[in-house]
Amino acid sequence: MAGLNELAAESWEGTGVVLEADLDDLPPELITRIRAEAIPDPAAAGVAALRDLLRIETREARFKRVLRVWEGKVVTALQNRDLAAAEAWLRAVTERPTFSSEFVAHVQKAFQALARPAVVDDLLQWLIAEERIEEGAAILAALGEPVVNRIVELMAVDEPPIGRRHQVDLLAVVGRSDTRLLIMHLNDERWFIVRNMAIAVGRTGRLQGVGPLRSLLTHPDPRVRVEALRGLAALDADVALPDLVKGFKDDNPRVRQAAVTLLRASPNPQVIPVLAGLVEGGGLNAAESERLVEVIAERKGPEVEATLRRIAERRLGRGGIRAARDAARRALKERSK
């Protein structure tokens, strides 16, 4: 077995298992023979060879040597901007591992060395400059936690090489594969980190983010609460409806305004009775009552006019109730023209 290990390692490091050799430099008869033996996908064959080496290698020093080769393969692919190859080499080690459990610590250490800031920053900046973030989704997901952690570090830099908009875009792409990598940062003590993560979670489209975002509705910073509401509405407009109603009762005007805007945009037909309940329940000031009636009047459907008439026919009440009644009457008058 040891002899096989040595032969495989030598072939790997010397000729790339013959698969990476420049065929043009080989004798014609050898080229014909290689092609006849059909290796349709050299990269896949190379990845398979690497996995075999990791499986059969039992000596620690030799195993670590194979990992260094693996790291070089991934970095070279990234430097060549070959995302598919980089992903294939990366997943050769991270997915369905073939190596012994006793070498897990060495693999983790090699992965950390591979995903160092210089490598991650270069990849992220290139994806942004070339507008290929979506194309790089697979490799970002494969790198996973180091990408998220690096972006969090950059958020705290005065002049980061990556702007906030792109930071959020990148996080959302990673979060689509594993939302937990974002959720784990929602308890950060820095409000701006939590805000950015809340935005990213909302853009993942993953319902796993609903619970964590809902927990942010009691966050002490209103800027976080605003993005939590927006994220909930983006993930599921129907599920978010009760949260938007609570947001309208928030003690911060920015949060209340965000709630109104999201309620206005919600396609859920239950928005009309929910808003009517808020208006008729009292406790709102004149401006808030008028705004909600305006939102009701903007919607379509037979229940809209019936709701407006009910509010307009209120005989008693003052303050918010009176303002809502007047607004409903104006809305009915406009609809009758």
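FYI, the numbering just counts along the sequence from 1. Both backbone and side-chain heavy atoms feed into the values below; hydrogens, waters and symmetry mates do not. Here the structure is a predicted model, which is why all the values come from computation and not from measurement.
The CZ atom of R223 sits 10.5 Å away from atom CZ of F192, with the distance rounded to the nearest 0.5 Å. Atom CE of M155 and atom CZ of R164 lie 9.0 Å apart (nearest 0.5 Å). Atoms CZ and CZ, from R330 and R335 in turn, are 15.0 Å apart once rounded to the nearest 0.5 Å. Rounded to the nearest 0.5 Å, atoms CG (L275) and CD (E294) are 12.0 Å apart. Rounded to the nearest 0.5 Å, atoms CZ (R150) and CG (L154) are 4.5 Å apart. Annotation: the span from R225 atom CZ to L216 atom CG amounts to 10.5 Å, rounded to 0.5 Å.
Heavy-atom minimum distance, L278 versus L284: O-CD1, 3.5 Å. Across A312 and R325, no two heavy atoms sit closer than the pair O-CG, 3.3 Å. Minimum interatomic distance between G209 and V201 (heavy atoms only, all atoms of both residues): CA-CG1, 3.7 Å. Summarising the geometry of G136 relative to L127, their closest heavy-atom pair is CA-CD2, 4.1 Å, with the distance given to 0.1 Å. Scanning all heavy atoms of the two residues, the minimum distance from V260 to R291 falls at CG1-CG, 3.8 Å. The shortest non-hydrogen separation linking P242 to D238 is CD-O, 4.0 Å.
F99 places a side-chain heavy atom less than 4.5 Å from the side chain of V104. With contacts defined as side-chain heavy-atom distances shorter than 4.5 Å, the pair R314/I321 qualifies. Taking the side chain as every heavy atom from C-beta outward, L124 and I151 approach each other to under 4.5 Å. The shortest distance between side-chain heavy atoms of L181 and L171 does not fall below 4.5 Å. Annotation: side chain of L217 is not in contact with side chain of K246 (no heavy-atom distance under 4.5 Å). Side-chain atoms of L140 and L123, non-hydrogen and from C-beta on, do get closer than 4.5 Å to each other. In this structure, the side chains of L232 and L244 stay at 4.5 Å or more apart for every pair of heavy atoms. Side-chain contact between N149 and H185 is present, with at least one heavy-atom pair separated by less than 4.5 Å.
Partners of S100 under the side chain to side chain contact (heavy atoms under 4.5 Å, CB included) rule, at least two apart in sequence or in another chain, are E102, F103. Every side chain to side chain contact (heavy atoms under 4.5 Å, CB included) that E134 has, sequence neighbours left out, goes to V173, R176.
No donor-acceptor pair under 3.5 Å is formed between the side chain of S289 and the backbone N or O of A324. No donor-acceptor pair closer than 3.5 Å links the side chain of R264 to the backbone N or O of V295. Not one N or O on the side chain of R180 forms a donor-acceptor pair closer than 3.5 Å with the backbone of Q208. Judged purely by atom type and a 3.5 angstrom limit, S266 has no side-chain atom pairing as donor or acceptor with the backbone of L262. Using a distance-only test at 3.5 Å, with no hydrogens or angles considered, no donor-acceptor pair links the side chain of R55 to the main chain of T98. Checking side-chain atoms of W70 against main-chain N and O of W89 turns up a donor-acceptor pair under 3.5 Å.
L143 and V168 fall into different hydrophobic clusters, where Ile, Leu, Val, Met, Phe, Trp and Tyr side chains are chained together by heavy-atom contacts under 4.5 Å. One hydrophobic cluster, built from ILVMFWY side chains closer than 4.5 Å, cannot hold both I199 and L229; they sit in different ones.
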Item to complete: Check step by step if side chain to side chain contact (heavy atoms under 4.5 Å, CB included) holds for R214 and V239.
Response: CA-CA 11 Å; R214 187 168 282 153; V239 170; 3.2 Å; yes
Discussion item. Using the rule given for side chain to side chain contact (heavy atoms under 4.5 Å, CB included), can you reason through D169 versus H166, listing the C-alpha separation, both sets of side-chain angles and the distance that settles it, and then say yes or no?
Written reply: CA-CA 5 Å; D169 290 343; H166 287 122; 4.2 Å; yes
Worksheet item: Going through the checks in order, is the salt bridge (charged side-chain N to carboxylate O under 4.0 Å, His left out) test met by R81 and D122?
Response: CA-CA 10 Å; R81 309 313 185 193; D122 178 68; 2.9 Å; yes
Item to complete: Step by step, work out the side chain to side chain contact (heavy atoms under 4.5 Å, CB included) result for I128 and L170.
Response: CA-CA 9 Å; I128 292 169; L170 291 161; 4.0 Å; yes
Item to complete: Take L235 and T204 through the side chain to side chain contact (heavy atoms under 4.5 Å, CB included) test and state the conclusion after the steps.
Response: CA-CA 8 Å; L235 288 178; T204 63; 4.2 Å; yes
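E145 CD: 12 or fewer foreign heavy atoms inside a 6.0 Å radius. Enclosure of atom CD in E298 by more than 12 non-hydrogen atoms of other residues, nucleotides or ligands within 6.0 angstrom is indicated.
Contacts classified as salt bridge (charged side-chain N to carboxylate O under 4.0 Å, His left out) and involving residues 274-288 (residues at least two apart or in different chains) are given here: R256-E288, E280-R310. Contacts classified as side-chain hydrogen bond (donor to acceptor under 3.5 Å, both in side chains) and involving residues 226-237 (residues at least two apart or in different chains) are given here: E227-R230.
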Going by atom type alone, with no hydrogens or angles, which donor-acceptor pairs under 3.5 Å involve a side-chain atom of residues 301-308 and a protein atom two or more places apart or on another chain?
unit_1, atom_1, unit_2, atom_2, d
E305, OE2, R309, NE, 3.4
E305, OE2, R309, NH2, 3.1
T307, OG1, E303, O, 2.7

Side-chain polar contacts of residues 105-120 - donor-acceptor pairs under 3.5 angstrom, sequence neighbours left out - could you list them?
unit_1, atom_1, unit_2, atom_2, d
H106, NE2, E60, OE2, 2.8
R116, NH1, E71, OE2, 3.0
R116, NH1, A113, O, 2.6

